[in-house]
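Report on the structure given below.
No experiment lies behind these values; they were computed from the predicted model shown.
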Amino acid sequence: MPIVTVRETISASALEVFQMLADPEQSIRFDPDVLGVEYITDFKAAPGARFRQRRKGPKGSEMSLCLEIREYEPPLRARMVTQTNGTEWDTLYTFEEDEEGRTRVTLEMAARSDSLLKSFMNGLMRGLFRRGIAKHMAAAKMRLETHSPTEVTGHV
């Protein structure tokens, strides 16, 4: 499947946006589809950290994903990877702050499958994936633009 790319400009500093989107525990503060996050490793929000995310699935079901943070470079980039049903989902966030203090976030998600059928099916579902990512980014934008930094992430 080709890479799905979603971009969003958020009126907040790159560090604030990074802290919101790259720290897995923050997702429960803004994304109603995320039901919980539990770290599997003894350390958090760093390369090699692994965590389990519980989220709403299709038709009211619940699903659990185990993810690993592969890159974590505040406030520039973060990368998370998960394996699900024979597909590796590789998600890269990049953050660019402009001279007015707004941040352009780019999320690129690549899916690599172990079969042609899975690759074909993932390709058919690209629009669904893009809408889900856009919804996630819009929720983060809304939270960041309507709350103080401390209210948003607990960070100063």
Within 6.0 angstrom of Asp98 CG, more than 12 heavy atoms from elsewhere: yes

If you round to the nearest 0.5 Å, how far is [atom2] of [Y] from [atom1] of [X]?
X: Glu71; Y: Thr91; atom1: CD; atom2: OG1; answer: 12.0 Å
X: Gln19; Y: Ser13; atom1: CD; atom2: OG; answer: 7.5 Å
X: Met109; Y: Asp90; atom1: CE; atom2: CG; answer: 10.0 Å
X: Lys141; Y: Glu145; atom1: NZ; atom2: CD; answer: 4.0 Å
X: Arg79; Y: Tyr93; atom1: CZ; atom2: OH; answer: 13.5 Å

side-chain contact (heavy atoms from CB on, under 4.5 Å) between Lys56 and Leu35, worked out: CA-CA 7 Å; Lys56 292 179 187 175; Leu35 304 172; 4.1 Å; yes

If Ile, Leu, Val, Met, Phe, Trp and Tyr residues are connected whenever their side-chain heavy atoms lie under 4.5 Å apart, and connections chain through other members, are [X] and [Y] in the same group?
X: Leu92; Y: Ile10; answer: no
X: Met20; Y: Ile28; answer: yes
X: Leu107; Y: Leu65; answer: yes
X: Val105; Y: Ile133; answer: yes
X: Phe43; Y: Leu67; answer: no

Identify the two heavy atoms, one from [X] and one from [Y], that lie closest to each other, and give their separation to 0.1 Å.
X: Ala22; Y: Ala78; answer: CB-CB, 3.6 Å
X: Met80; Y: Pro24; answer: CE-CG, 4.4 Å
X: Ala45; Y: Ile69; answer: CA-CD1, 3.7 Å
X: Gly48; Y: Thr41; answer: O-CG2, 3.8 Å

Do [X] and [Y] come close enough that some side-chain heavy atom pair is under 4.5 Å?
X: Thr103; Y: Thr9; value: no
X: Leu76; Y: Phe95; value: no
X: Arg112; Y: Thr87; value: no
X: Arg54; Y: Glu62; value: yes
X: Cys66; Y: Ile40; value: yes

Distance flag, aromatic centroids of Phe18 and Tyr72, threshold under 6.0 Å: yes

Residue pair Val81, Glu88: steps toward the side-chain contact (heavy atoms from CB on, under 4.5 Å) verdict: CA-CA 7 Å; Val81 177; Glu88 179 183 76; 3.6 Å; yes

Hey, does the side chain of [X] reach the backbone of [Y] with a donor-acceptor pair shorter than 3.5 angstrom?
X: His136; Y: Gly132; value: no
X: Glu97; Y: Arg102; value: no
X: Glu8; Y: Met137; value: no
X: Ser115; Y: Lys118; value: yes

Test log, rule side-chain contact (heavy atoms from CB on, under 4.5 Å), inputs Glu108 and Val4: CA-CA 6 Å; Glu108 298 174 313; Val4 173; over 6 Å; no

Steps toward side-chain contact (heavy atoms from CB on, under 4.5 Å) verdict (Met142, Phe30): CA-CA 8 Å; Met142 174 70 97; Phe30 69 90; over 6 Å; no

Criterion salt bridge (charged side-chain N to carboxylate O under 4.0 Å, His left out) on Asp31 and Lys135, from CA distance to verdict: CA-CA 9 Å; Asp31 189 335; Lys135 180 181 168 189; 5.8 Å; no

Test: Arg104 and Glu96 ion pair at under 4.0 Å: no

Phe51 and Tyr39 aromatic ring geometry - parallel, tilted or perpendicular at 30°/60° bounds: tilted

Summary of side-chain hydrogen bond (donor to acceptor under 3.5 Å, both in side chains) pairs that have at least one residue in residues 42-53, sequence neighbours excluded: Glu25-Lys44, Gln53-Arg55

